[in-house]
Amino acid sequence: MVSARWIRENGRFRLDVELPLNATAEVRIPTGGRTAQVTGDGAVFRGVRGNRATCSGASGRHASIARDTP
């Protein structure tokens, strides 16, 4: 089972994703043209294009945090 949870709070957008064994995913989060951070085992920050940050990850839990869009 894949799970995702997001929250917008204090000018930040946070996305928490959990992926099952042998799964991979690509995630895009809004950045408003600003920076983003990625944490978690196997999570890779791929870059920002326009107003979206792209991250990819393998099984496990990952958190992506970006400044909220105005």
Side-chain angles (χ1 to χ4, degrees):
M1 177 180 284
V2 173
S3 68
R5 177 179 176 263
W6 63 270
I7 187 167
R8 292 173 73 180
E9 182 175 72
N10 298 325
R12 292 187 178 168
F13 177 90
R14 177 185 173 111
L15 176 66
D16 295 307
V17 177
E18 186 170 355
L19 302 171
L21 290 174
N22 301 316
T24 60
E26 183 174 283
V27 176
R28 293 183 186 95
I29 60 171
T31 64
R34 298 178 181 96
T35 60
Q37 297 175 336
V38 179
T39 63
D41 292 335
V44 178
F45 176 69
R46 298 289 181 189
V48 175
R49 179 179 279 180
N51 64 352
R52 299 279 189 257
T54 301
C55 311
S56 63
S59 345
R61 293 181 181 180
H62 310 285
S64 302
I65 302 169
R67 293 193 64 138
D68 199 2
T69 55

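Atom-to-atom distance recorded for Arg12:CZ and Ile7:CD1 is 12.0 Å, nearest 0.5 angstrom.
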What donor-acceptor contacts under 3.5 angstrom involve side-chain atoms of residues 16-25, with partners at least two apart or in another chain?
unit_1, atom_1, unit_2, atom_2, d
Asp16, OD1, Arg14, NE, 2.9
Asp16, OD1, Arg14, NH2, 3.0
Asp16, OD2, Arg14, NE, 3.1
Glu18, OE1, Arg61, NE, 3.4

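By the salt bridge (charged side-chain N to carboxylate O under 4.0 Å, His left out) test, Arg28 is found to be paired with Glu26, residues two or more places apart in sequence or in another chain being considered.
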